[in-house]
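The structure appears right after this line, and notes come after that.
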Amino acid sequence: MKNILITGGAGYIGSHVVKELLKKGYKNITVIDNLSTGFLETIKRLKKYFGDFEFKEVDLSDWNEVEKIFKEKRFDSIIHFAASLVVPESVKNPLKYYLNNTANTTNLIKCAVENGVKRFIFSSTAAVYGEPAKIPKSGITEDFETKPINPYGYRKLMSEQVLKDTTKASPDFKYLILRYFNVAGADIEGKIGQSTKDATHLIKVASRTALGKREKMCIFGDDFQLLMEYV
Ligand SMILES: NC(=O)c1ccc[n+]([C@@H]2O[C@H](COP(=O)([O-])OP(=O)(O)OC[C@H]3O[C@@H](n4cnc5c(N)ncnc54)[C@H](O)[C@@H]3O)[C@@H](O)[C@H]2O)c1
């Protein structure tokens, strides 16, 4: 059975992936999370309802500790979700994003290569596309030009490049990049969901407004006619 390392497994998307892997019978899962936006409660609930795994409360910026984890266990694959992800914050505090989303990811890739990990799945973002001049009805496809407009998107794109360059130099190291748009929804069994405090995600904001838990929701822009034609 494969040994899998998941970073950010106490967070929204990461915890749902941990759940799915446990349900599929994966037994050797290790989660690293610093609980900055994720929750210990989520880890407890995953263990209670879906099965056991190892949880390490570690910050990816603690490179010595991260290296130690790679020495303790031989991982087959890494699924990397841990990141900072609030776009306006990335504009106000770009260094946080350069450090957490690029430096720490680069260190994680380095540890992976040095310790013979062969598979790396990276949680990137649709923010790498920026604001395309024209979006066809079929939507944005993978081959669209990448032109980020904020530090969050730039940092993720930079990490994608680190993966591409690393594979060129170490062909045994394979990667897969996921570029999500606005993720929504929760575990159908209701055991876990998106509990992020002050989440800025559109669907969560809309749901909270509809439930009266938030006073209002702002809709930006002035080209709604275009939107209606698109619909
Ligand atoms: N949610 C979305 O709509 C969306 C869209 C596009 C991309 N993404 C990407 O998906 C990934 C997961 O997003 P999410 O919505 O689950 O966010 P989240 O904030 O719920 O999860 C991120 C997790 O990473 C942990 N973390 C952050 N920095 C860390 C560090 N230095 N060391 C250890 N742990 C750390 C947090 O505690 C948290 O548990 C991110 O990489 C994000 O950029 C999310």
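Throughout, residue positions are numbered sequentially from 1 according to the sequence presented. What you see is a predicted model, and the numbers here were worked out from it, not measured in a lab. Every number for a ligand or one of its atoms is a count from 1 in the order of the listing.
Cation-pi geometry between Lys47 and Phe55 is not met: the NZ or CZ atom fails to fall both under 6.0 Å from the ring centre and inside 45° of the normal.
Distances from ligand 1 to the non-hydrogen atoms of Ala127 include no value under 4.0 Å. Heavy atoms of Ser84 stay at 4.0 angstrom or farther from ligand 1. Within the structure, the closest approach of Lys156 to ligand 1 falls below 4.0 Å when heavy atoms are considered. Ligand 1 lies nowhere less than 4.0 angstrom from a heavy atom belonging to Phe39. Within the 4.0 Å heavy-atom cutoff, Asn101 does not count among the residues contacting ligand 1.
Taking NE2 of His16 as the start and OG1 of Thr42 as the end, the distance is 9.0 Å to the nearest 0.5 Å.
The ligand atoms of ligand 1 that sit less than 4.0 angstrom from a heavy atom of Gly38 are 36 (C), 37 (O), 38 (C), 39 (O). Under a 4.0 Å criterion applied to the non-hydrogen atoms of Val58, ligand 1 contributes the atoms 32 (N), 33 (C). Residue Ser124 has at least one heavy-atom neighbour below 4.0 Å for each of these atoms of ligand 1: 6 (C), 7 (C), 8 (N), 9 (C).
In this structure, Phe122 has its ring center no closer than 6.0 Å to that of Tyr175.
Considering both main-chain and side-chain atoms, Tyr180 never comes within under 3.5 Å of ligand 1 through any nitrogen or oxygen pair. The shortest N or O to N or O distance between Asp59 and ligand 1 is below 3.5 Å. Any N or O atom pair closer than 3.5 Å counts here, and Asn182 shares no such pair with ligand 1.
Looking at Asp172 and Ser170, their side chains never bring a donor and an acceptor atom within 3.5 Å of each other.
When hydrogens are left out, the protein atom nearest atom 24 (O) of ligand 1 is Ala82 CA, 3.3 Å; that is the closest non-hydrogen contact. The single protein non-hydrogen atom nearest to atom 28 (N) of ligand 1 is Asn100 ND2, 3.1 Å, given as residue, atom name and distance. For atom 44 (C) of ligand 1, the closest non-hydrogen atom on the protein side is Ile13 CD1, 3.6 Å.
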